[in-house]
Amino acid sequence: IFALWGLMQAPGTTAQTVKMSNITAGCCSLLILPKISDALGYKRLKKEFSLTTGMPSSILDQWALLKELTESPQFNSPWATELLFFTVPWYKKFRDGSCKELEYYLLRSAWNETSYLRDEGIFNFVFSVALAEKNLKPNPYLTDTVKHIYAIARGCLPGFTVATNDISAPIKRLEQIFAEVYQHRFAPTFVHSSYFDPIDPMNPVYYSLEVPTLVDFSPKSRKAANKMNDIREVKHIQTVIQKFVRENKESLENSPVYDTISKVNYDYYHSDEDILNELKNTSSLIEFDNGMKQSMQTYGKPICTTSPFLRGCIRIGSLLPK
C-alpha cells in the first residue's frame with residue numbers, strides 16, 4: 001500500500017512529500033543469477049527480439065534488458081499486475097467515519113509495518129554497548145550492513161529470494177528465453193525482492209554484498225573492498241552481537257530484539273575456497289533452498305554457484321525443524 005504511513009498521519013506531519021507519478025508493473029529488483037554477458041548468447045536474443053539495449057556488463061545492468069524483452073512483440077506471454085487506486089474523494093469519505101472497519105485495518109497494517117522502526121533505538125543501543133564491551137571498532141559501513149540484515153530478518157525490509165512463480169514478473173517465459181534462445185549452460189535462476197517468512201525453512205531470503213540495498217549507511221572506508229574479507233567481518237560483527245544478546249545482560253530474552261538476533265539462522269557464503277574455514281561454499285546452498293532445487297530440476301542444468309550475487313552473500317533462514 002503506497003504512502004500508507006503518510007495517509008495515517010495528520011496533514012502536514014509527514015516527511016513523505018514526494019508525489020508518485022509513475023509506477024512500473026512487476027518487480028524492479030529482478031536479477032538472473034548466471035552472468036548474461038556472453039556475446040553469442042546476446043546476439044541470439046538481439047536477433048529474436050530486435051533488442052536495442054546493450055549487453056549487460058554486470059548484474060546491476062540487467063533490468064533494462066529484461067524490461068525490453070518483456071515489451072517485445074515476440075515475447076508473446078501476456079502478463080499484468082492489478083492496482084487498486086483510491087482517489088481523493090474516496091479518501092475524504094473514508095475520513096468521515098463511514099469506513100471504520102477499513103480504517104482499523106489500515107491503522108493496524110501501518111502499526112505492524114513500523115514495529116522494527118519503533119524498536120530501532122533499542123537495536124542501536126544493543127549494538128553500541130556490545131561493540132564497546134568487546135572493544136570492537138569495525139568498518140562503519142559493514143556495521144550498517146549487519147543492522148540491515150537484522151531488519152530483513154525482522155521482516156521490516158525485503159531481501160532476495162529465488163523466483164518460483166509469475167507473481168513478481170513473467171518469470172517462466174524469461175526462464176524459457178534464457179534456456180532456449182540465449183542457450184545458457186546454467187539453469188536460468190531468477191531472484192527478486194521478498195520478505196522473510198520464518199515459517200518456511202526451505203525458502204530463505206538472501207542479502208548480497210554485490211547488490212547492496214541499505215537504506216541508511218555510512219560511506220565505505222575502503223574504495224577497493226575484498227568481498228571475502230568484508231563478509232568475514234560482517235560475520236564477526238554479527239557473532240559478537242549475537243553472543244552479547246544471548247548473555248542477556250540487558251534482559252533482552254523474549255523480546256523481538258532477542259528473537260531476531262538469536263532465533264534466526266545466518267549463514268555466510270562465498271564461491272571461492274575459504275582457507276580460514278569461516279565461510280560456507282555457495283555449492284552447498286542448493287541443499288537448503290527449494291527454489292534452487294526446482295530451477296535445477298526443471299531445466300536439467302546446474303545452478304550458477306559462481307554468480308556475482310552469491311559471491312559474498314548471507315542466507316537468512318528459519319531455525320525451525322524441517
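What you see below is based on every heavy atom in this structure, not just the backbone, and it leaves out hydrogens, waters and symmetry mates.
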Main chain of [Y], side chain of [X]: is a donor-acceptor contact present, judged purely on distance under 3.5 Å?
X: Glu233; Y: Asn139; value: yes
X: Asp119; Y: Ile122; value: no
X: Thr305; Y: Ser283; value: no
X: Thr260; Y: Val257; value: no
X: Arg246; Y: Tyr258; value: no
X: Thr70; Y: Lys67; value: yes
X: Ser271; Y: Thr306; value: no

Between [X] and [Y], does any side-chain donor sit less than 3.5 Å from a side-chain acceptor?
X: Gln242; Y: Ser262; value: no
X: Tyr268; Y: Glu278; value: no
X: Gln74; Y: Ser50; value: no
X: Ser109; Y: Asn112; value: no

Check: In this structure, are over 12 heavy atoms from other groups packed under 6.0 Å from Lys293 atom NZ?
Finding: yes

Note to self: Does Leu136 have more than 12 heavy atoms from other residues, nucleotides or ligands lying within 6.0 Å of its CG?
What the structure shows: yes

[atom1] of [X] to [atom2] of [Y]: how many Å apart, nearest 0.5 Å?
X: Leu310; Y: Arg315; atom1: CG; atom2: CZ; answer: 12.5 Å
X: Arg108; Y: Leu106; atom1: CZ; atom2: CG; answer: 10.0 Å
X: Arg154; Y: Leu157; atom1: CZ; atom2: CG; answer: 11.5 Å

Note to self: Looking at every non-hydrogen atom in both residues, tell me the closest pair between Met55 and Ile36 and how far apart they are.
What the structure shows: CG-O, 3.8 Å

Check: What is the minimum heavy-atom distance between Leu279 and His270, and which atoms define it?
Finding: CD1-CB, 4.0 Å

I want to check something: taking the side chain as every heavy atom from C-beta on, are [X] and [Y] in contact at a cut-off of under 4.5 Å?
X: Phe178; Y: Leu69; answer: yes
X: Ile149; Y: Tyr266; answer: yes
X: Asp267; Y: Ile314; answer: no
X: Arg173; Y: Phe75; answer: yes
X: Trp79; Y: Asp166; answer: yes

Notebook entry, point to check: Between Arg44 and Glu48, is there a side-chain N and carboxylate O pair less than 4.0 Å apart?
Noted result: no

Check: Which of parallel (below 30°), tilted (30 to 60°) and perpendicular (above 60°) describes Tyr182 and His184?
Finding: parallel

Next item on the list: On the 0 to 90° scale, with breaks at 30° and 60°, tag the Tyr206-Phe309 ring pair as parallel, tilted or perpendicular.
Entry: perpendicular

Check: Of the options Asp289, Asn290, Thr189, Thr164, which is the one that meets Ser295 in a side chain to side chain donor-acceptor pair (under 3.5 Å)?
Finding: Thr189

